[in-house]
Structures are given as structure tokens and as C-alpha cells.
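Position 1 is the first residue of the sequence, and the numbers go up from there.
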Amino acid sequence: MVNEPVRVLMVLTVRFAKNGIANSVLNTVSRLDPARVRCDLVSPNEPDAEAKAAFERTGGQVFVLGGRNRNPIAYLRRLADIVRSWEIEVLHAHGNSATLYTEMRAGIRGGAGARFAHSHNTTCKMKLADSLLRGAFYQSYTDAIACSKAAGEWLFPNRPFTVLNNAVETGRYRYSEALRAETRAALGLPDESFAVLHVGAFNAQKNQAFLLGAFAAVLAERPNARLLLVGDGDRRASCEALCRQLGISNAVSFLGWREDIPALLSAADAFALPSLHEGLPLTIVEAQCAGLSCVVSDRVTSETALTELVSFCPIESERAFADALLGTPQNERKAASDAGIARVRDAGFDAQENAIRLMELYESRTGRTEHETVLKNEQSL
């Protein structure tokens, strides 16, 4: 057993898509050592080929169980069967509420000795279920993990938890002058235009309608401003309609989901995130690696500010958010990017280092190491 890899089952409680939880999981799993960890995935939907390949590289496989909310009892039984059949040692479930009790209970029934409950946000939609399940939830996990101190305090109040930062491939986002020129030309952005970038699914949490109102005020003072919106979702159509209503359609580009985020970060002059709540968004970490000034909702945890590039702004006023965008300093980007990458790495947000720390934690919980590894970001409340 000592020389065998730890058998881990990652469980997503949200759809596998271009979202923070899925990106965080993929960033980590793609860097696991197959000699140390075999990692399977349970997802509500079929993940893309890149995700499947990341899990298969470790010797794992993907199980699609569908949404748990329609029939939680059947879901729990099927999940427990997977844990039992594949002799899972560590069940690692990602979510944002005490409904993670369902996964923890399945782990208990299936015989997983270690059960990681991983918090990725600072609130949840299913507040009644969350409230009712808190007592049972606290008795069901063996390890409490959070993407930030704020996310940990939300799901594990007055209880110990370990912070495992959402991490990125820092060097991938390094600023490039050549990439900036190429990307701006492809987007039709003149050299003098002020480009504001936002990345996120079109949903209530990301608050794009507010951003459009703020950008209209920016555009009134800087007619050469352009807003680049990366993402898709249920609220995209209503945001496109709002652009027409505000008369700013010609200055706003709906780019859909893109794979060239590093290039877009180099091309932009400011990054905007007016979210109503967040755990710790990778997009802001990536923007800081690119040396990009960021204007962020004051409802986002201050842990996001790994550098001086981040400024927080109340989202009660579109005018105030517009002023913050207009006032973003234009740094010497290469120097700001180099410094940002160094700060991000020092703060524990490098994907490779995070994967190593997670492997050590898995091994310590399953007796693969003589002594338990204590992560440097562990928080005991």
C-alpha cells in the first residue's frame, strides 16, 4: 500500500464548465504525479476532452451522475457505490454550502476514510438546505478546505480549516508587448483606446448589468473606451439588450468564452470585477500576473489583493465604479507583470506548488507519510 498511489475521487457539485471551481480543479489535477495520486472525477455533466485527459493521465476516469438535487437519495447511493467499488481513500468534494453533506455521507457509506469538504464561495443559493444541514455536515467531513479565509469562515465558522489557494500557471499570464499589439489589432482596438476587460459567466453573481451602467459613464468621458466581455450564460441576452438601451453597443464586445485569456489580459488597460460575492476569483490572480490594474467590488475578499494593482470599490454606485475605472493607473506593464508574478508565487498561488501541497495532504491523511504535512496557509479559528 505504501508504494501505491492514493486513490482520490474529486466530486463537483456544479456543472463542469468555464467556471472558477472547474478551472481550479483542472489546474491542480493536471499537475498531480500519477505515481503518487490516482484521481477520478464525478461531475453532473460530461466534461470536455481536456478535463477527461487530465484525469485519465493519473490513471483515473470520469463518472457522470447528473444533478444531485433532482433525486439526492439515488445520487447518494450511486456515489457511495463508486467510492466502494473503486476503493476510494479520499473523497474530495467541491461546493459552497452544507449540502456537501450529501457527498460526505456517500463517502462514509462507501468507506472513504478521508473526506475533504472544499468551500469555494462566501454564500450560497440554497440557504434553507444549507441551514438545515449544518449540524450533520460538521460531523461528516474529516478535513475542511477553503479557497480563501473568507470562504472558510463562511462554511466553517469557528472551526478549523485549511486554506488551499485557487492557483494559476503564473508564467502563462506574463505581459507581452507583442501579444498586446497583435490582439488589439485582431479586436480592432486603436492604440489610443482604453480597453476594460471582464471575464465571467453571465449570471446574477457576476453583476454584468451593473458594469454596463458604469461603463456608460466611462464612455461619456472617454469616447475611445471599449469594454470586452468574455463569457456566456443566461443573462447575456439581457445584457446585450441593455447595451442597446444605453446606446453603447458599438463600444462593447461580447466575446463569448475564449481560450486566449493571457492575450486579452495583455491587450487590456484595466480589469473589472463587480461581483456580488466571490470565494477567491482566479481571474483577478491572473490579471495581477499580467500587471493589469483591477477594479473589484468591495464584496470580494481583500485576500484577492496580492499586489497594489487591485483597488476595491463599492457597488452601490455605478458612478463611483466608473470613476474608479477612469482613475486606474497605467503602469509600466512589463515591470508590473514581473512583480505581480513574483508576489503571486510568494503568496502560494502557483499551480505546481499547490499540486505538491495537495498531494502531501492526501498522503498524510492516508498514512503514506510518516508525519502529517501542515500547510503553511492553515487557519485555525
Side-chain angles (χ1 to χ4, degrees), residues 19-21 96 119-125 127 147-151 153-154 166 194-222 225-249 251-255 264-265 268-288 292-329:
N19 57 51
I21 293 181
N96 54 29
S119 175
H120 285 269
N121 216 320
T122 55
T123 188
C124 68
K125 294 180 181 178
K127 288 187 167 55
C147 69
S148 67
K149 187 168 182 273
E153 290 171 344
W154 149 252
N166 287 344
F194 174 64
V196 178
L197 177 65
H198 167 80
V199 180
F202 279 79
N203 57 33
Q205 174 186 341
K206 298 300 183 181
N207 205 18
Q208 284 97 347
F210 171 88
L211 178 57
L212 291 172
F215 181 72
V218 170
L219 195 60
E221 296 192 27
R222 294 192 67 168
R226 296 294 181 269
L227 178 60
L228 310 175
L229 298 175
V230 175
D232 210 342
D234 295 340
R235 299 201 174 196
R236 174 171 171 170
S238 62
C239 285
E240 290 174 334
L242 180 58
C243 279
R244 293 190 291 271
Q245 180 183 332
L246 294 171
I248 61 174
S249 295
V252 180
S253 297
F254 290 82
L255 300 178
L264 292 169
L265 288 168
D269 300 296
F271 192 94
L273 188 74
S275 299
L276 299 177
H277 55 86
E278 292 280 359
L280 200 152
L282 286 176
T283 52
I284 297 300
V285 179
E286 294 163 356
Q288 290 173 89
L292 189 59
S293 295
C294 308
V295 178
V296 181
S297 160
D298 64 351
R299 300 187 190 181
V300 176
T301 174
S302 60
E303 297 168 82
T304 303
L306 304 175
T307 69
E308 294 75 21
L309 294 167
V310 178
S311 60
F312 295 95
C313 182
I315 52 172
E316 286 72 34
S317 166
E318 294 175 351
R319 179 69 255 178
F321 206 85
D323 289 341
L325 286 171
L326 288 166
T328 51

Next item on the list: Enter the distance from Asn121:CG to Cys147:SG here, rounded to the nearest 0.5 Å.
Entry: 7.5 Å
Item checked: Distance (rounded to the nearest 0.5 Å) between Asn203 CG and Gln208 CD -> 6.5 Å
Next item on the list: Measure the CG-CG distance between Leu292 and Leu309 for me, rounded to the nearest 0.5 Å.
Entry: 7.5 Å
Next item on the list: Just say parallel, tilted or perpendicular for the rings of His198 and Phe271, cut-offs at 30° and 60°.
Entry: tilted
Item checked: Euclidean distance, Ser253 OG relative to Leu227 CG, rounded to 0.5 Å -> 8.0 Å
Next item on the list: Would you give the length of the straight line joining atom CG of Asp232 to atom CG of Leu229, rounded to the nearest 0.5 angstrom?
Entry: 11.0 Å
Notebook entry, point to check: Is the backbone of Ala150 close enough, under 3.5 Å, to the side chain of Thr122 for a donor and an acceptor to pair up by distance?
Noted result: no
Checklist line | Exam field: side chain Asp323 to backbone Leu326, donor-acceptor pair closer than 3.5 Å | finding: no
Notebook entry, point to check: Are the side chain of Ser297 and the backbone N or O of Cys313 linked by a donor-acceptor pair below 3.5 Å?
Noted result: no
Check: Can you check whether Thr304's main-chain N or O pairs, donor with acceptor, with Gln288's side chain at less than 3.5 Å?
Finding: yes
Checklist line | Audit row: Glu240, Arg244, salt bridge (charged side-chain N to carboxylate O under 4.0 Å, His left out) steps and yes/no | finding: CA-CA 7 Å; Glu240 290 174 334; Arg244 293 190 291 271; 5.2 Å; no
Note to self: Can you tell me if Arg236 has over 12 outside heavy atoms packed within less than 6.0 Å of its CZ?
What the structure shows: yes
Notebook entry, point to check: CG/Leu212 to SG/Cys239 distance, rounded to the nearest 0.5 angstrom?
Noted result: 5.0 Å
Next item on the list: Walk me through it: do Val285 and Asn166 pass the test side chain to side chain contact (heavy atoms under 4.5 Å, CB included)?
Entry: CA-CA 9 Å; Val285 179; Asn166 287 344; over 6 Å; no
Next item on the list: Would you sort out whether Thr328 and Val196 count as a side chain to side chain contact (heavy atoms under 4.5 Å, CB included), showing the intermediate values?
Entry: CA-CA 10 Å; Thr328 51; Val196 178; over 6 Å; no
Next item on the list: Kindly determine whether Phe202 and Ser238 satisfy side chain to side chain contact (heavy atoms under 4.5 Å, CB included), including the steps that lead there.
Entry: CA-CA 10 Å; Phe202 279 79; Ser238 62; over 6 Å; no
